[in-house]
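In what follows, a structure is listed as structure tokens, so that the remarks can point back to it.
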Amino acid sequence: MEHTGHHDHSTHGQAMPQGHTHSAVDEKQVHSHGEHAGHSTAMFKNRFWVSLALTIPVVIFSPMVAHLLGYHLPEFPGSTWIAPILGTVIFAYGGVPFLKGGWRELKTRQPGMMLLISLAITVAFVASWVTTLGVGGFELDFWWELALLVTIMLLGHWMEMRALGAASSALDALAELLPSEAERVTDDGTVVVPIAELTVDDVVLVRAGARVPADGTIVDGAAEFDESMITGESRPVARGEGERVVAGTVATDNTVRVRVEATGDDTALAGIQRMVADAQASSSRAQALADRAAALLFWFALGAGILTAIAWTVLGSPDDAVVRTVTVLVIACPHALGLAIPLVIALSTERAAKNGVLIKNRMALERMRTIDVVLFDKTGTLTEGAHAVTGVAAAGVSEAELLSLAAAAEADSEHPVARAIVAAAAAHPEASGMRRRATDFSASTGRGVRATVDGAAIQVGGPTLLRELGLETPSALTEKTGSWSGRGAGVLHVIRDGEVIGAVAVGDKVRAESRAAVRALQDRGVRVAMVTGDARQVADAVGAELGIDEVFAEVLPQDKDTKVTELQGRGLTVAMVGDGVNDAPALARAEVGIAIGAGTDVAMESAGVVLAGNDPRAVLSMIDLSRASYRKMIQNLVWAAGYNIVAVPLAAGVLAPVGLVLSPAVGAVLMSLSTIIVALNAQLLRRLDLDPARLSAGRAA
């Protein structure tokens, strides 16, 4: 008999909940605005290396540096012009990103890091040229400080952008789910056309293994569709004539004809793209911690500079007014501030990566410490996302014999349930040694399989098969099969020559790591919730097994993000963990979106954090890292601000009456010293233990 390939993957003849409604949702992502708008990681990198090469001779030929270090400047014709010329090149080439960014911040009346840097390097540039040209007799040679400031700030921004990664490509990943061409059915056969040319009521041919080019209804044929990229659910879903299919899903086994009902912007996939874009736009308005500190320091520096100029002018020392004001404005932008956050982000990213956590969005790193509830998608996140044998019950035969007979009958099937049974038999210490071969294999949609094994007729199927054969579940099995059904597992009976000899439970197996993750999160005072499209009984069973605080069941794919909104409406800060395209909107809506690395590209591109593996315990690593890195950010910013609080008034001359004045040279040295302290403090993050297994074990203990 012809192998029909188990057309009904949604049931395989078993008491398993039906597939869920398909569609889509909304999402989350990385910013494209703010201080780095229009800038690339490569741009900052290239400008840094060029500026660094030019900075070295500028520092060497600086009279101020020579005086501080006690060496004689090399002298030759034109040597006095090395620092001014190269300093001007550094200002014009390396400083351009900051000048442009500062101008944008000035126009939008939102001063931040770029405007603070622009103020410092512009004042240093003008003052240095005034000194170089001998105008007014001022000693304000800041060429070396200008060069160092630009170079170090370029380094900081390069490190930051490299840590954040390039702009997320979630929309591109979504678009790649669609084929570029489709086979349109005509009176003369089929013709290949770009999907942009498809119109409503066109009929397209979708071959086995191909993606559906547009939303529509099957008008001829039946096939099982892999909808995991849309629904996030692992099992293929049987679709026949009159049933809808969604663009981007894959016909796994048969060829079907589909009448197009929605194209382009009207498809479910396009709806996801729009919601993704909306979420990106809203999340990009978040302001980073360093930007807020820079805004305060800008006003502090500007105010201090104005007060310094007024005070010394009123005191009758206009020359001192110029010198002190320039010094204040230059040193008010400490290198430490430019490196405080980027250094911590870079080290945090490195530490996270070594423990299987990819941080794509610095705001996710900052927010993770404030999370009140972690919302896990069930399938593929808390569970393995694939069929597995979760229980075996034999009647009149051994468990090993039961598994070996069932596996032999299922061996020729490509159905996920069949593969699960074969895998279970192969892993069984006794069944794996019983090498049985089947002949006369056949499959029946919605019922199960039949084969001849060792001369006996073996059938494997669910309740429908039992009813057709007029068989009943033996009393020795009813207790177990009843409990399996009660928790939502699929129940398959094994029949030999018309007699039921046992049953197996097939379901989505809970990850062993999930239990430890849930317990450890709860021990930290973090609530754990779960969202799934599965039936209530399935969801509640998994929730009870893991001890989850709140379960959202029977949630349509397009509604998952509303559960995030519901939690946020209670005043909770939410981290969402998921792996499917349908999770992308929820990942976007949550304060922190965490994608399982083995999930879809769209989910990974949508999230601010990606777990390289499937271990949900890695969320613990993220929380610890967030708290530790935030402490380092605050410590570094306090140091940078503390430096300003002390150095700026001294540079302004508040203690001049008692003979204590901070000269431009000493102020510049203190600025560099603060940078070293910040760098060393950030390095302490390397001592942080982020191993998920140790973190969860420690909490459980």
Side-chain angles (χ1 to χ4, degrees), residues 28 348 351-352 355-359 361-378 380-383 510-532 539-540 542-553 555 560-561 563-579 583 586-596 607-611 613-631 633-634 688-701:
K28 146 179 187 83
S348 298
R351 296 290 298 125
N355 288 275
V357 179
L358 172 62
I359 298 171
N361 186 332
R362 70 178 178 190
M363 293 307 294
L365 175 64
E366 180 180 335
R367 289 170 178 158
M368 195 64 192
R369 67 187 176 83
T370 67
I371 292 303
D372 299 312
V373 56
V374 177
L375 178 63
F376 286 97
D377 173 58
K378 181 184 78 70
T381 305
L382 291 175
T383 64
V510 172
R511 297 184 191 278
E513 304 89 352
S514 297
R515 297 179 179 86
V518 171
R519 284 198 306 270
L521 284 169
Q522 291 168 336
D523 288 343
R524 292 163 181 256
V526 178
R527 287 176 56 81
V528 179
M530 182 183 78
V531 61
T532 178
D540 285 344
V542 174
E545 183 177 351
L546 294 177
I548 287 173
D549 298 304
E550 186 168 6
V551 174
F552 298 105
V555 179
K560 282 190 177 181
D561 70 322
K563 298 306 176 184
V564 174
T565 304
E566 179 181 328
L567 290 169
Q568 291 170 332
R570 302 178 199 169
L572 300 174
T573 306
V574 183
M576 169 69 190
V577 186
D579 69 336
D583 297 324
L587 292 171
R589 194 69 62 198
E591 278 77 8
V592 179
I594 304 174
I596 293 290
V609 178
V610 176
L611 306 183
N614 295 320
D615 191 345
R617 296 176 301 178
V619 175
L620 303 171
S621 303
M622 184 63 186
I623 292 176
D624 269 17
L625 180 63
S626 175
R627 292 173 178 174
S629 62
Y630 187 77
R631 285 195 300 270
M633 290 179 190
I634 293 299
L688 193 63
D689 184 3
L690 296 176
D691 180 61
R694 281 197 291 271
L695 290 177
S696 59
R699 287 289 171 178

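Just so we're clear, the structure is a prediction, and the values are computed from it rather than from any experiment.
Looking at Thr370, its side chain does come within 3.5 Å of a backbone N or O of Arg367 through a donor-acceptor pair. Without hydrogens or angle criteria, Ser514 side chain to Val510 main chain gives no donor-acceptor distance under 3.5 Å. In this structure, Arg511 contributes its side chain and Thr381 its backbone to a donor-acceptor pair below 3.5 Å. With hydrogens and angles ignored, the 3.5 Å screen pairs a side-chain donor or acceptor of Glu591 with a backbone N or O of Val574. Side-chain atoms of Asp372 come within 3.5 Å of backbone N or O of Thr573 as a donor-acceptor pair. Panel note: side chain Ser626, backbone Arg369; a donor-acceptor pair is recorded below 3.5 Å. Looking at Glu513, its side chain never comes within 3.5 Å of a backbone N or O of Ala618 through a donor-acceptor pair.
The side-chain heavy atoms of Val592 and Val609, taken from C-beta on, include a pair separated by under 4.5 Å. Between Lys378 and Val531, every side-chain heavy-atom pair lies at or beyond the 4.5 Å cut-off. Here the side chains of Met530 and Phe552 are not in contact, with every heavy-atom distance at 4.5 Å or above. Using a 4.5 Å cut-off on side-chain heavy atoms (C-beta onward), Ile594 and Met576 make no contact. With contacts defined as side-chain heavy-atom distances shorter than 4.5 Å, the pair Ile548/Leu382 qualifies.
Using a cut-off of 4.0 Å between Lys/Arg side-chain N and Asp/Glu carboxylate O, Asp377 and Lys560 are scored as salt-bridged. Salt bridge Glu550/Arg570: present, at least one basic N to carboxylate O contact under 4.0 Å. Salt bridge Asp624/Arg524: present, at least one basic N to carboxylate O contact under 4.0 Å.
Shortest non-hydrogen contact noted between Ala539 and Thr532 is CB-CG2, 3.6 Å. Minimum interatomic distance between Asp549 and Val526 (heavy atoms only, all atoms of both residues): OD2-O, 4.5 Å. Contact detail for Gly578 and Leu587: the closest heavy-atom pair is N-CD2, 4.0 Å.
Partner of Val528 under the side-chain contact (heavy atoms from CB on, under 4.5 Å) criterion, out of Leu375, Leu521, Val551: Leu521 alone.
Summarising the geometry, atom CZ belonging to Arg515 is positioned 6.0 Å from atom CG belonging to Leu546; distances are rounded to the nearest 0.5 Å. Taken to the nearest 0.5 Å, the CE atom of Met622 stands 7.5 Å off from the OG atom of Ser629.
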